[in-house]
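Predicted, not measured: the structure shown is a model, and the values here were computed from it.
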Amino acid sequence: MARRRVPQPEHEAIQLTRHLGKGTTVDVAPQHAKMAVDYLAHPGTYLRVESGDIVIADQVVYRITGYDPTDYTLTLELVQDWRPGQKDDPNRTEAPHG
(Lines give C-alpha, C1' and ligand atoms only; values in the text may rest on other atoms or scores of the structure.)
Protein backbone atom coordinates (compact mmCIF):
# COMPACT_ATOMS: atom_id res chain seq x y z
CA MET A 1 0.00 0.00 0.00
CA ALA A 2 1.51 3.32 -1.08
CA ARG A 3 1.56 6.20 1.36
CA ARG A 4 -0.08 9.35 0.17
CA ARG A 5 1.83 12.51 0.95
CA VAL A 6 -0.24 15.26 2.52
CA PRO A 7 0.67 18.60 0.93
CA GLN A 8 2.20 21.04 3.38
CA PRO A 9 1.65 24.80 3.20
CA GLU A 10 4.40 26.85 1.60
CA HIS A 11 6.25 28.85 4.25
CA GLU A 12 7.36 32.36 3.42
CA ALA A 13 9.51 34.85 5.31
CA ILE A 14 8.15 37.43 7.72
CA GLN A 15 9.77 40.74 6.80
CA LEU A 16 10.37 43.55 9.30
CA THR A 17 11.89 47.01 9.08
CA ARG A 18 13.45 48.74 12.07
CA HIS A 19 13.00 52.50 12.16
CA LEU A 20 15.45 54.16 14.54
CA GLY A 21 13.60 56.21 17.11
CA LYS A 22 10.21 54.89 15.97
CA GLY A 23 10.17 51.10 16.35
CA THR A 24 9.55 48.22 13.99
CA THR A 25 7.01 47.70 11.23
CA VAL A 26 5.92 44.36 9.85
CA ASP A 27 6.21 44.75 6.07
CA VAL A 28 5.25 41.22 5.01
CA ALA A 29 3.18 38.83 7.12
CA PRO A 30 2.48 35.65 5.12
CA GLN A 31 -0.26 33.23 6.18
CA HIS A 32 2.34 30.48 6.77
CA ALA A 33 5.88 31.28 7.91
CA LYS A 34 8.94 29.83 9.60
CA MET A 35 11.03 31.39 12.36
CA ALA A 36 14.38 30.25 13.70
CA VAL A 37 14.02 29.15 17.32
CA ASP A 38 17.03 31.21 18.42
CA TYR A 39 15.31 34.37 17.12
CA LEU A 40 13.06 34.23 20.20
CA ALA A 41 16.09 34.94 22.39
CA HIS A 42 17.43 37.96 20.46
CA PRO A 43 17.11 41.26 22.32
CA GLY A 44 15.42 44.07 20.44
CA THR A 45 13.32 41.83 18.17
CA TYR A 46 10.03 43.34 19.31
CA LEU A 47 8.36 40.02 19.82
CA ARG A 48 6.87 38.17 22.76
CA VAL A 49 5.22 34.82 23.39
CA GLU A 50 1.70 34.90 24.83
CA SER A 51 -0.23 31.67 25.48
CA GLY A 52 1.77 29.84 22.83
CA ASP A 53 1.34 32.55 20.19
CA ILE A 54 4.08 34.89 18.98
CA VAL A 55 3.21 38.59 18.89
CA ILE A 56 5.48 40.61 16.60
CA ALA A 57 5.79 44.39 17.08
CA ASP A 58 2.19 44.54 18.40
CA GLN A 59 1.10 44.22 14.76
CA VAL A 60 0.68 40.52 13.96
CA VAL A 61 0.09 37.30 15.92
CA TYR A 62 1.33 33.91 14.77
CA ARG A 63 0.29 30.55 16.22
CA ILE A 64 3.07 28.00 16.56
CA THR A 65 1.93 24.99 14.53
CA GLY A 66 5.04 22.84 14.70
CA TYR A 67 8.79 22.46 14.65
CA ASP A 68 10.98 21.57 11.69
CA PRO A 69 14.13 19.81 12.97
CA THR A 70 15.79 19.91 9.55
CA ASP A 71 16.44 23.66 9.86
CA TYR A 72 15.64 24.28 13.56
CA THR A 73 12.61 26.45 12.85
CA LEU A 74 9.15 26.88 14.26
CA THR A 75 6.34 26.65 11.72
CA LEU A 76 3.78 29.41 12.15
CA GLU A 77 0.30 30.38 11.00
CA LEU A 78 -0.95 33.97 10.98
CA VAL A 79 -3.98 34.36 13.27
CA GLN A 80 -4.29 38.14 13.71
CA ASP A 81 -3.08 41.07 11.62
CA TRP A 82 -3.61 44.53 13.11
CA ARG A 83 -1.56 46.42 10.53
CA PRO A 84 -3.32 49.32 8.75
CA GLY A 85 -5.67 48.06 6.04
CA GLN A 86 -5.37 44.40 7.06
CA LYS A 87 -8.12 42.04 8.21
CA ASP A 88 -7.96 42.84 11.94
CA ASP A 89 -7.11 46.57 11.66
CA PRO A 90 -9.11 48.16 14.50
CA ASN A 91 -9.41 51.41 12.51
CA ARG A 92 -10.66 49.89 9.26
CA THR A 93 -14.11 50.94 8.09
CA GLU A 94 -14.49 48.78 4.96
CA ALA A 95 -14.31 45.08 4.15
CA PRO A 96 -10.88 43.64 3.24
CA HIS A 97 -9.96 43.26 -0.43
CA GLY A 98 -9.18 39.85 -1.90
Side-chain angles (χ1 to χ4, degrees):
M1 179 176 210
R3 290 183 118 180
R4 199 171 126 201
R5 186 165 183 237
V6 177
Q8 298 297 312
E10 178 121 2
H11 294 94
E12 299 176 46
I14 301 167
Q15 297 178 24
L16 310 174
T17 300
R18 290 183 74 181
H19 305 276
L20 294 178
K22 292 184 180 182
T24 298
T25 56
V26 178
D27 301 316
V28 176
Q31 186 63 40
H32 299 280
K34 283 188 169 187
M35 175 184 288
V37 172
D38 63 349
Y39 195 70
L40 295 173
H42 287 205
T45 55
Y46 303 98
L47 61 83
R48 64 184 182 279
V49 178
E50 292 182 354
S51 303
D53 293 339
I54 298 174
V55 181
I56 303 173
D58 290 325
Q59 295 170 42
V60 295
V61 179
Y62 278 91
R63 176 143 307 129
I64 300 170
T65 58
Y67 175 72
D68 186 344
T70 59
D71 57 3
Y72 311 106
T73 57
L74 298 172
T75 56
L76 309 172
E77 181 177 4
L78 182 66
V79 292
Q80 287 188 302
D81 190 342
W82 297 305
R83 295 174 299 150
Q86 299 302 313
K87 67 181 184 90
D88 301 309
D89 176 1
N91 300 308
R92 193 175 78 220
T93 57
E94 62 182 56
H97 300 300

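- With rounding to the nearest 0.5 angstrom, the CZ atom of R48 is 10.5 Å from the CD1 atom of I56.
- You'll find the side chain of Y72 stays beyond 4.5 Å of the side chain of D38, heavy atoms only.
- The two atoms that bring V26 and L16 nearest to each other are CG2-CD2, 3.6 Å, heavy atoms only.
- For T17 and D27, the side-chain atoms include at least one donor-acceptor pair closer than 3.5 Å.
- Put simply, the side chain of I14 does not reach to within 4.5 Å of the side chain of L78, judged on heavy atoms.
- Looking at W82 and V61, their side chains come closer than 4.5 Å, going by heavy atoms from C-beta outward.
- Put simply, the side chain of H32 does not reach to within 4.5 Å of the side chain of E12, judged on heavy atoms.
- Nearest heavy-atom pair across V79 and K87 is O-NZ, 3.2 Å.
- Atom CG of residue L76 and atom CZ of residue R63 lie 11.0 Å apart, to the nearest 0.5 angstrom.
- The two residues R83 and A29 come nearest to each other via the heavy atoms NH2-CB, 3.6 Å.
- Atom CD1 of I64 sits about 9.0 Å away from atom OG1 of T75, to the nearest 0.5 Å.
- Residues H19 and T25 have side chains that bring a donor and an acceptor to within less than 3.5 angstrom of each other.
- With a 4.5 Å cut-off on side-chain heavy atoms, R18 and Y46 count as touching.
- Q31 and Y62 make their closest contact through O-CE2, 4.3 Å (heavy atoms, listed as atom of the first residue, atom of the second, distance).
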> Stepwise, does the side chain to side chain contact (heavy atoms under 4.5 Å, CB included) test hold for Y39 with L74?
Replying inline: CA-CA 10 Å; Y39 195 70; L74 298 172; over 6 Å; no

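- Annotation: side chain of L47 is in contact with side chain of M35 (closest heavy-atom distance under 4.5 Å).
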